[in-house]
Structure formats: structure tokens, C-alpha cells
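What follows is a short report on a single structure.
In what follows, residues are counted from 1 in the order of the sequence shown. Predicted, not measured: the structure shown is a model, and the values here were computed from it.
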Amino acid sequence: MNWLIKNGNILAENGEFIKRDVRVEGTKIAEIGEDLKANGEKVLDAEGQLVVPGLIDLHVHLREPGGEHKETIQTGTLAAAAGGFTTIAAMPNTRPVPDTVENLTNLNRRIEETAHIRVLPYASITIREAGKELTDFSSLKETGAFAFTDDGVGIQQAGMMYEAMKQAAAIGAAVVAHCEDNSLIYGGSVHDGKFAAEHNIPGIPSICESVHIARDVLIAEAAGCHYHVCHISTEGSVRTVRDAKKAGIRVTAEVTPHHLLLCDEDIPGADTNFKMNPPLRSRKDQQALIDGLLDGTIDFIATDHAPHTAEEKAAGMQTAPFGIVGLETAFPLLYTHLVKKGLITLQQLVDWMTVKPAQAFGLPYGTLEAGATADITVIDLQAEKEIDPETFYSKGKNTPFAGWKCSGWPTATISEGKLVWQEGKVQV
């Protein structure tokens, strides 16, 4: 089906709104202009709403296979579509892990059968993410691996990371790292800061993350590899990435909405919806992340969408699993609490959620122009409502943002020319 999106506002280069229509033919944007006339297309009236490229999230956990009680490819991609996302990259900490051609082929088949939007699958760096034996990067890339990561587990041995980066560099692939030195975790479940001290809970120090990044940027330089830092969270980590970029090392980094909007002082008692890894850091770290985005040290925003069941999260602060969901709330949260408060511009937010992640990994998505893939999101910047986890399409309801009032909600999501979600209704 072809579409004509009428009366929407798109962002001009100067950040101003300009009223334009967008014609979609098949999987491509055919034309963007004023007062376009319908020629048999179905019309989607976006009167007064923002029309942007489909959002991109390069760090999500879909849990399938092996964790379908938490999330599935079907429910996770529907949640993504409701959040305005048309491209997501799925982490490999599943069971089985996509560490062989067979496992990745089976995953690709399941994505093809059940995904509502585009899913780019990561393959693991090591067999079973155990950190002991490298996977076959070349064959996995040929099978469709987007990049390579053992997300959820830091690669502990420098020699293992060096060999992985050399293998990745040889085939033009990126190594994506969860940065955590296990010897510096100390059994912690929150940041080693005010909340940990007040509640007598073991804390995870900031250097647990930053020392791994410092090690890895030097390894990446030696290997000639694109190295990407997952969910950066500390001031020291930002400084290390900034210095590495100045030195010409090919490093990119992402930050999550929750690390931009919260710090450990915001945790309201033993609420495990505020438990994630990396943990919420200090207020000083939080400001450093915003500064890192603004000066280009941090390249883009990713949610680290990590669904868990209510029963799992009820286990208590020290034993409940790390992670929160984020796909359905990312844009309204950031628009309301960063853009509307004047900390960033709307253009910057859109870029960090579309073109910037695409550029970092050389993806042909994230733009709104004639000839581009028809990945399009329509957002009502005026609509305001409270975040209600019970309305989530995701199986996971584990969010620290329940009850927050936000504006800037997606109202329609088109993926490769297909309307996959509109105003709360699944399109089939």
C-alpha cells in the first residue's frame, strides 16, 4: 500500500518547523513537498504533528530465544513500533546465544516470521558469552550479524579482546562492549554512592566501567577496529572516550535515557525498578553524560530495553535482576525533560535517535528524504499523558518512570512503507 502523509511538520536545517507532505511508494519515500495531491494512496493526516525519520535503537534485549516469559521478538518489536522505532539491534544474551551459524540462522528466521519492524541481530564475541573462546566472526557476519558483543558481560581478558578486535577489523565489523571489570564489582547492585551508603547496600564503583574503556580504546587503536561503548555512565568514562577521539581512535559511545534523567539520589528506597546495569550514578556523572552528548563525545542515545517479570523484580534490591524497559517511553521522556527544559534542542534529540546511530554504524537509515527507505515516525508534541506500564505492549513493566507526565508521544510508525502502528492500534 502507498501512503501520503499530509500536513505534517518536518524539521528544517535551522531547526524550524516547515509544513510538508510525504509521499510513500512501496518501501521508499518518493516525494516530499507542499500541497501534494493524493494519487490513489491512503492518506495519513498528520496535521500539526512532527514527522521524523523512524527512530533507531541499537541496544535492546528481546529475550527470545530462551526468555520468552520476559519478552518475545513479536512483543518487543511491537513495543518498539509504539515508541516510534523502526530499526532496533537485538543483544545476544539469549539461550541459545547466536554464537554459531546455526543459532543465528534460526534467530533470523524467527525475526522474519514475527518482527513488526527491522531487527538487526548481534552475534556474540565468545562462545556462550563465556569469555573463553572466540566465535567465527567471518561466518557470522556472512549470516547477518550486525556487530559483535558479549553484552551483559565484560570481556575480562585483554588478550581475548585484542584477538576479537583484530578479527572484527579484518572483516569491517564493530566490537560493541559492555564495560565492566569483574574484580571491581564487589558484589554491588547499585552505584557506590549516597544511596548505597544510606541503605547499607554494596556499591559498584565508577572505575569498574572506566578502566575497561581505557584498556579497550588502546586495544582498538592497536587492532584498527571500530570499538563501541555500550550505555556509558560515568564522568571518567566520558573523559576517556573524549581523549580517545582526540587521539584519532575509532571509538563511539551511547547513553541511555535513564542515565540522562536520573541519578542514584533519585532512587526512592528499595525499588528494583531503579536497578539497572550500569547503575544510576552520581549527579555529577549525570551532568557529564549530558555534556558528553552536547560536545559530541557520546554519539547517540540507546534505551538498553531490558524486560523482566514482576516476580523476578520482586526479589529485592540485592538479588533482583538488573534492567528496565525503555522502548515505549524514550522519546517523550527526553523531549519533556531535556528539550522542553531547554537543555538540548529538538533537532539534537531527533539526530541522536535517528541519523547519529545510523552514521556510527554505516546504516542506510535515519533520514527523511526522497529516495530513502520509508521509515517514518509521526509524533504529537502537544499530547500529554502519564506513563502507565499497564498499557505497555512489552511484556516487561519494569520502569522507574511510572506516573511521569510526558508530552511528545508517537502516533504513527511506518516501517519500510508499511504502517505498523497507529494511535495504539496494531496494523496487520
Side-chain angles (χ1 to χ4, degrees), residues 56-61 89 91-93 122 124-125 129 146-156 158 160-162 164-165 168-169 173-182 184-185 191 204-260 276-281 285-286 288-306 322 352-353 356-362:
I56 298 172
D57 188 349
L58 298 185
H59 189 145
V60 307
H61 297 268
M91 288 297 173
N93 56 339
Y122 283 99
S124 62
I125 294 173
E129 290 193 320
F146 164 61
F148 295 85
T149 184
D150 275 9
D151 182 61
V153 186
I155 300 293
Q156 299 303 301
M160 180 69 70
M161 183 60 97
Y162 183 42
M165 287 194 185
V175 166
V176 176
H178 173 107
C179 298
E180 192 171 33
D181 186 317
N182 289 351
L184 292 168
I185 296 176
H191 172 61
I204 306 171
S206 294
I207 55 171
C208 180
E209 174 182 289
S210 55
V211 297
H212 246 209
I213 298 174
R215 178 200 74 175
D216 285 353
V217 293
L218 295 176
I219 296 174
E221 181 179 35
C225 178
H226 173 199
Y227 168 66
H228 179 75
V229 180
C230 289
H231 42 47
I232 194 168
S233 71
T234 80
E235 181 184 28
S237 298
V238 173
R239 183 177 70 246
T240 301
V241 171
R242 183 179 292 121
D243 291 344
K245 287 191 171 187
K246 288 179 180 177
I249 299 171
R250 192 182 177 195
V251 54
T252 54
E254 72 191 35
V255 65
T256 71
H258 47 277
H259 287 110
L260 292 170
M276 64 283 291
N277 192 11
L280 297 175
R281 302 290 187 180
D285 290 315
Q286 181 187 1
L289 297 175
I290 296 173
D291 293 342
L293 262 179
L294 290 170
D295 70 17
T297 299
I298 300 172
D299 296 86
F300 59 84
I301 295 169
T303 68
D304 191 12
H305 175 83
F322 293 99
W352 288 327
M353 298 183 75
K356 294 295 186 179
Q359 289 175 345
F361 282 82

Side chains of residues 216-226: which donor-acceptor partners sit under 3.5 Å, not counting sequence neighbours?
from   : atom 1 : to     : atom 2 : distance (Å)
Asp216 : OD2    : Tyr227 : OH     : 3.0
His226 : NE2    : Thr252 : OG1    : 2.9

First locate atom [atom1] of [X], then atom [atom2] of [Y], and finally report the distance between them rounded to the nearest 0.5 Å.
| X | Y | atom1 | atom2 | answer |
| --- | --- | --- | --- | --- |
| Leu58 | Met91 | CG | CE | 8.5 Å |
| Ile207 | Ile213 | CD1 | CD1 | 12.5 Å |
| Ile125 | Thr149 | CD1 | OG1 | 5.0 Å |
| Ile56 | Met353 | CD1 | CE | 10.0 Å |

### Task
Please assess Arg281 against Thr234 for the test side chain to side chain donor-acceptor pair (under 3.5 Å), listing each intermediate value before the final yes or no.
CA-CA 7 Å; Arg281 302 290 187 180; Thr234 80; 5.9 Å; no
### Message
Could you check whether His61 and Asp151, counting side-chain N and O atoms only, form a donor-acceptor pair closer than 3.5 Å?
### Response
yes
#### Entry: Smallest separation among heavy atoms of Pro279 and His259, with atom names
O-NE2, 3.2 Å
### Summary
Nearest heavy-atom approach of Ala253 to Ile298 is O-CG2, 3.6 Å
### Message
Side chains of Thr256 and Met276, heavy atoms from C-beta outward: is any pair under 4.5 Å?
### Response
no
### Query
Are the side chains of Asp285 and Ser206 in touch, meaning some heavy atoms are under 4.5 Å apart?
yes
List for me each residue that meets side-chain contact (heavy atoms from CB on, under 4.5 Å) alongside [X], sequence neighbours excluded, and say none if there are none.
| X | result |
| --- | --- |
| Ser124 | Pro92, Val97, Asp99, Glu129, Thr135, Asp150 |
| Lys245 | Val241, Val251, Asp299 |
| Ala214 | Thr240 |
| Asp181 | Gln156, Ser183, Leu184, Val211, His212 |

Kindly write out the residues that satisfy ring-ring contact (aromatic ring centres under 6.0 Å, His included) with [X], not counting sequence neighbours, or none if the list is empty.
| X | answer |
| --- | --- |
| His228 | Phe300, Phe361 |
| His258 | none |
| Tyr162 | none |

For [X], which residues count as a side-chain hydrogen bond (donor to acceptor under 3.5 Å, both in side chains) partner, sequence neighbours excluded?
| X | value |
| --- | --- |
| Thr303 | Asp57 |
| Arg242 | Asp295, Thr297 |
| Gln359 | none |

For the backbone of [Y] and the side chain of [X], can you confirm whether one donor and one acceptor N or O come within less than 3.5 Å of each other?
| X | Y | result |
| --- | --- | --- |
| Glu209 | Ser233 | yes |
| Glu254 | His231 | yes |
| Tyr122 | His59 | no |

### Task
Could you walk me through whether Trp352 and Val255 pass the side chain to side chain contact (heavy atoms under 4.5 Å, CB included) test, one step at a time?
CA-CA 10 Å; Trp352 288 327; Val255 65; over 6 Å; no
### Message
Applying salt bridge (charged side-chain N to carboxylate O under 4.0 Å, His left out) as the test, list every pair that has at least one member in residues 224-235; sequence neighbours left out.
### Response
Glu235-Lys284
### Task
List the steps, then state whether side chain to side chain contact (heavy atoms under 4.5 Å, CB included) holds for Asp304 with Cys230.
CA-CA 9 Å; Asp304 191 12; Cys230 289; over 6 Å; no
### Task
Could you tell me whether Arg215 atom CZ has more than 12 heavy atoms of other residues or ligands within 6.0 Å of it?
yes
### Task
Would you check, one step at a time, whether the test side chain to side chain contact (heavy atoms under 4.5 Å, CB included) holds for Leu260 with Ile301?
CA-CA 10 Å; Leu260 292 170; Ile301 295 169; 4.1 Å; yes
